[in-house]
Amino acid sequence: MTDSRQTRRAWLAWIAICLIWGTTYLAIKIALGTIPPLLMGGFRYLIAGAIMVAAIKLRGARLPPASTWPSQVLIGFAMLGFGNGGVVIAEQHLTSGLTAVLVGTSPFGWSASTRHFREASPSA
């Protein structure tokens, strides 16, 4: 693949990510007008899960063993309750643009706090 083709694909991927992630918070804000926040978040996860299972089946792969499902369900509830649930509840009181900026900058805060606590802890 040529450099110009790779560059073009990289730009297109970046634009797609900006549009998809950027419109996610606008879609949440619009949906909150008619659907309760956690129910709307649950629908998003249910649809995403159905798409992932369909993709796995279409590829001919197997689902994870049933013995791993309880821990996966726990992680899913935590993500919905704390992660996405917090976002949809907050977006009832914040604009979608501010929500997108806060969520988009959160990795920087986590990185800074991790570094701070790592430097503050005594080395073993």
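Just so it is clear, the model here is predicted, and its values are computed rather than measured.
Taking CG from Leu39 and CG from Leu32, the interatomic distance works out to 11.0 Å, rounded to the nearest 0.5 Å.
The hydrophobic cluster containing Leu26 also includes Ile30, under a criterion of side-chain heavy atoms closer than 4.5 Å among ILVMFWY residues, counted directly or through chains of members. In the hydrophobic clustering, Ile15 connects to Trp11, Trp14, Leu19, either directly or through intervening members, whenever side-chain heavy atoms lie under 4.5 Å apart. Cluster partners of Leu12, using a side-chain heavy-atom cutoff of under 4.5 Å among ILVMFWY residues and allowing indirect links: none.
Not counting sequence neighbours, the partners of Thr68 by the side chain to side chain donor-acceptor pair (under 3.5 Å) test are Gln72. Tyr45 is linked by a side chain to side chain contact (heavy atoms under 4.5 Å, CB included) to Met79, Leu80, Asn84, counting only residues two or more places apart in sequence or in another chain. Under the side chain to side chain contact (heavy atoms under 4.5 Å, CB included) criterion, Val87 pairs with Tyr25, Ile28, Glu91, Thr99, Val103, sequence neighbours left out.
For the pair Lys29 and Thr95, the minimum side-chain heavy-atom distance is 4.5 Å or more.
Summarising the geometry of Gly104 relative to Pro107, their closest heavy-atom pair is O-CD, 3.4 Å, with the distance given to 0.1 Å.
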